[in-house]
Every structure is written in C-alpha cells, then in structure tokens.
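Notes follow once the structure below has been shown.
We're numbering straight along the sequence, starting at 1.
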Amino acid sequence: MEKQPIIAVKNLSVEYAKTPVFRKINFEILAGDFICLVGCNGAGKTTLIKTILGLIEPSAGSVEFLGMSRKEIGYISQETVVTSNFPATVEEIVLSGLLNQKRGIFYTKGDKKKCEEALAKFGIKKLLKKHFAELSGGQRQKIWLARAVVATKKMLILDEPGNNLDSKSKKELYAELLKLNAQGITIMMITHDLDHQNLVGNKILALADGVATMETTEEYVKRIHRHDDSESDGK
C-alpha cells in the first residue's frame, strides 16, 4: 500500500530581522516515514521544526496537515532534553504530555493507565514514582520520549534527542525509536550523527544554504561516499 502524505511543506520561507533562514523549500512527510533532518549549525533545522509545530510564523509559504493536526504531534525540544532538575516525579512528567488532549485539570484512571503503558514500552515502568533528578541521562531521555509518545499515536518530532547521551544510551534510544516507527509512528529527528550507523531513518532531509533536499538514506549515503571518494582522489 502506497504511503500517504500527512504534512506538505509548500514554498516555505522563514527570516529573522529580514535575513532569510531558508527560502521557498518544498517537501512532503509521508505516514510511516522516519526522517533524519541534517545540516550544519545555523542551517535552520530547529527553525524548520518549530515552524512545522506552529511555534514560528513563516514569512511566506505554508505547512499543510493532511489527515492529522499539530496537536497530534509529540515533541521533544533541545531545551527539554537538557533539563535535569525537574521538581517532579516521572509520573507527573509523563502525564503532562496529555494536557493538550484534556478539558479538565484532573487526570483520570485512564490517563494514568496510558502513562504506565508508555513507560512499559521502554521498560521503565518501575521508575513511575521516582523523582526526575534521581535518574541517569539515558533514563531521563526515555522519560521525555514516553511523555511524547503518550501525547500521540501519529508523529514524533525530536530535536537532537541523542545529545548528552553516551554511545550505549544513544544506541538504546535509536533502537526504541525504530520500534515506534515500526508500530506506525512517523518520526522526524534532528541529528548531527552523520556516520552511517546512526542514520537510522529511511529518509534524509538536508538543509544547506537555504535549500532543503529530501532523499532516501541509501541515496544520501551513496552520495556522501562519492563525495568522500572524489576528495580522496583529489589529494
């Protein structure tokens, strides 16, 4: 069955103080994609995802949602990832991922069950009543991921979730993301891990010089290999 687009970015432009970050970029995100968003510092990666999330107003163009809405996106920002001294329990943090879906201020038994199920997905249900500050970096990242997962069954957007993790914790995180993707959750992830082992998705969206290029991970790896080989030949 052919994958259907869930987000269409059309002629999107963003600028700060009349200085363009990117101009007239176009791409689609298909249901079930796992997209790694790459580019050098300052290329506009975080700006792009915040524009998709509606946190930044574009100067031109549009982000169209097809069969889903922004409220159905689970999001982990860089700021969230590095916050380590949250004065809250694991349960409280994960439950807060449901706030966009609730009308009242109290959590129900059903909400708490969703929280426990999300923690169980990552094998950390036993941490339910622990305080966030007591946890390791890898455990904290799984908590934020559980919070994002409890908020959505459709899409996750992650801003460098592997930052500040050791190689073992990072591999575990990427393995969990691949499992979620296999269960049907679409993922868009900013990453600086450009070695082939860490390019875990099926597509690469590269931002450079204000231009966005979407290609399969296989195509990207081949192109980078050709570039590396040509540089070696030129030495």
Side-chain angles (χ1 to χ4, degrees), residues 4 6-7 29 31-35 49-50 52-55 65-165 168-190 200:
Q4 298 298 312
I6 57 174
I7 296 176
I29 300 174
D33 273 346
F34 189 149
I35 299 169
I49 64 171
K50 285 187 174 181
I52 292 172
L53 290 162
L55 302 175
F65 288 82
L66 311 167
M68 66 172 291
S69 70
R70 281 193 174 99
K71 286 187 176 181
E72 294 178 286
I73 296 175
Y75 172 47
I76 301 180
S77 69
Q78 283 190 57
E79 292 84 1
T80 300
V81 171
V82 298
T83 301
S84 60
N85 294 316
F86 238 48
T89 65
V90 167
E91 182 180 38
E92 289 168 336
I93 289 173
V94 176
L95 281 171
S96 70
L98 293 168
L99 288 175
N100 275 348
Q101 304 171 24
K102 294 183 66 62
R103 294 184 179 180
I105 60 173
F106 298 105
Y107 294 113
T108 65
K109 288 183 179 179
D111 293 335
K112 293 184 178 183
K113 184 178 179 182
K114 286 180 183 178
C115 170
E116 292 179 9
E117 288 172 349
L119 291 170
K121 274 181 183 286
F122 306 107
I124 50 174
K125 187 177 174 181
K126 63 184 180 182
L127 301 178
L128 185 70
K129 299 299 182 181
K130 288 277 189 180
H131 281 271
F132 190 69
E134 301 174 29
L135 307 179
S136 68
Q139 288 173 329
R140 290 172 186 161
Q141 189 61 298
K142 287 182 179 180
I143 299 310
W144 289 124
L145 193 54
R147 181 185 183 276
V149 166
V150 85
T152 184
K153 293 182 179 179
K154 292 193 175 181
M155 185 173 184
L156 295 173
I157 292 183
L158 315 171
D159 194 344
E160 298 192 53
N163 268 10
N164 305 309
L165 296 183
K168 180 176 181 292
S169 296
K170 191 179 292 186
K171 285 181 180 178
E172 290 175 353
L173 171 67
Y174 290 162
E176 297 296 345
L177 291 176
L178 285 169
K179 286 180 188 176
L180 292 172
N181 183 239
Q183 293 165 13
I185 294 181
T186 304
I187 297 173
M188 188 175 199
M189 176 179 79
I190 294 178
V200 294

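Every residue two or more places apart in sequence or in another chain that forms a side-chain hydrogen bond (donor to acceptor under 3.5 Å, both in side chains) with Asp33 is listed here: Asn202, Lys203. Residues forming a salt bridge (charged side-chain N to carboxylate O under 4.0 Å, His left out) with Lys154 (at least two apart in sequence, or on another chain): Glu72. Take Lys168 and apply the salt bridge (charged side-chain N to carboxylate O under 4.0 Å, His left out) test, not counting sequence neighbours, and it matches Glu172. Remark: Glu116 pairs with no residue by the side-chain hydrogen bond (donor to acceptor under 3.5 Å, both in side chains) rule, at least two apart or across chains. Contacts of Glu117 classified as side-chain hydrogen bond (donor to acceptor under 3.5 Å, both in side chains), with partners at least two apart in sequence or in another chain: none.
Taking each heavy atom of Ser169 and Gly138 in turn, the nearest pair found is OG-CA, 4.0 Å. What you find for Lys170 and Gly162 is that their closest heavy atoms are CE-O, 3.3 Å. Of all heavy-atom pairs spanning Ala31 and Ile6, the tightest one is CB-CG2, 3.9 Å. Looking at every heavy atom in both residues, Gly32 comes nearest to Thr186 through N-OG1, 2.8 Å. The shortest heavy-atom contact between Pro161 and Leu173 is O-CD2, 3.5 Å. Ala148 and Leu156 get closest at one heavy-atom pair: CB-CD2, 3.6 Å.
Distance check: Ile52 CD1 to Phe65 CZ gives 7.0 Å after rounding to the nearest 0.5 Å. For the atom pair CG of Leu119 and NZ of Lys142, the computed distance is 11.0 Å after rounding to the nearest 0.5 Å. Taking CZ of Phe106 as the reference point, atom CG of Asp111 lies at 12.5 Å (rounded to 0.5 Å). Residue Ile49 holds its CD1 atom at 4.0 Å from CG of Asp159, rounded to the nearest 0.5 Å. Interatomic distance, CD1 of Ile185 versus CG of Leu180, reported as 5.0 Å (0.5 Å rounding). Put simply, CG on Leu135 and CD1 on Ile143 are 6.0 Å apart, with the number rounded to the nearest 0.5 Å.
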Exercise. Determine, stepwise, if the pair Val200 / Asn181 fulfils side chain to side chain contact (heavy atoms under 4.5 Å, CB included).
Key: CA-CA 11 Å; Val200 294; Asn181 183 239; over 6 Å; no
Practice problem: Step by step, work out the side chain to side chain contact (heavy atoms under 4.5 Å, CB included) result for Met189 and Tyr174. | Solution: CA-CA 10 Å; Met189 176 179 79; Tyr174 290 162; 3.9 Å; yes
Practice problem: Apply the test side chain to side chain contact (heavy atoms under 4.5 Å, CB included) to residues Lys121 and Gln183: give CA-CA distance (whole Å), side-chain angles for both, the deciding distance (0.1 Å), then the verdict. | Solution: CA-CA 11 Å; Lys121 274 181 183 286; Gln183 293 165 13; 3.1 Å; yes
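Counting heavy atoms from C-beta on, the side chains of Lys50 and Tyr75 come closer than 4.5 Å.
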For residues 90-98, which side-chain donor-acceptor pairs fall under 3.5 Å, sequence neighbours excluded?
residue: Glu91; atom: OE1; partner: Lys129; partner atom: NZ; Å: 2.6
residue: Glu92; atom: OE1; partner: Thr89; partner atom: N; Å: 2.9
residue: Glu92; atom: OE1; partner: Thr89; partner atom: OG1; Å: 3.4
residue: Ser96; atom: OG; partner: Ile93; partner atom: O; Å: 2.5
residue: Ser96; atom: OG; partner: Arg147; partner atom: NE; Å: 2.7
residue: Ser96; atom: OG; partner: Arg147; partner atom: NH2; Å: 3.4

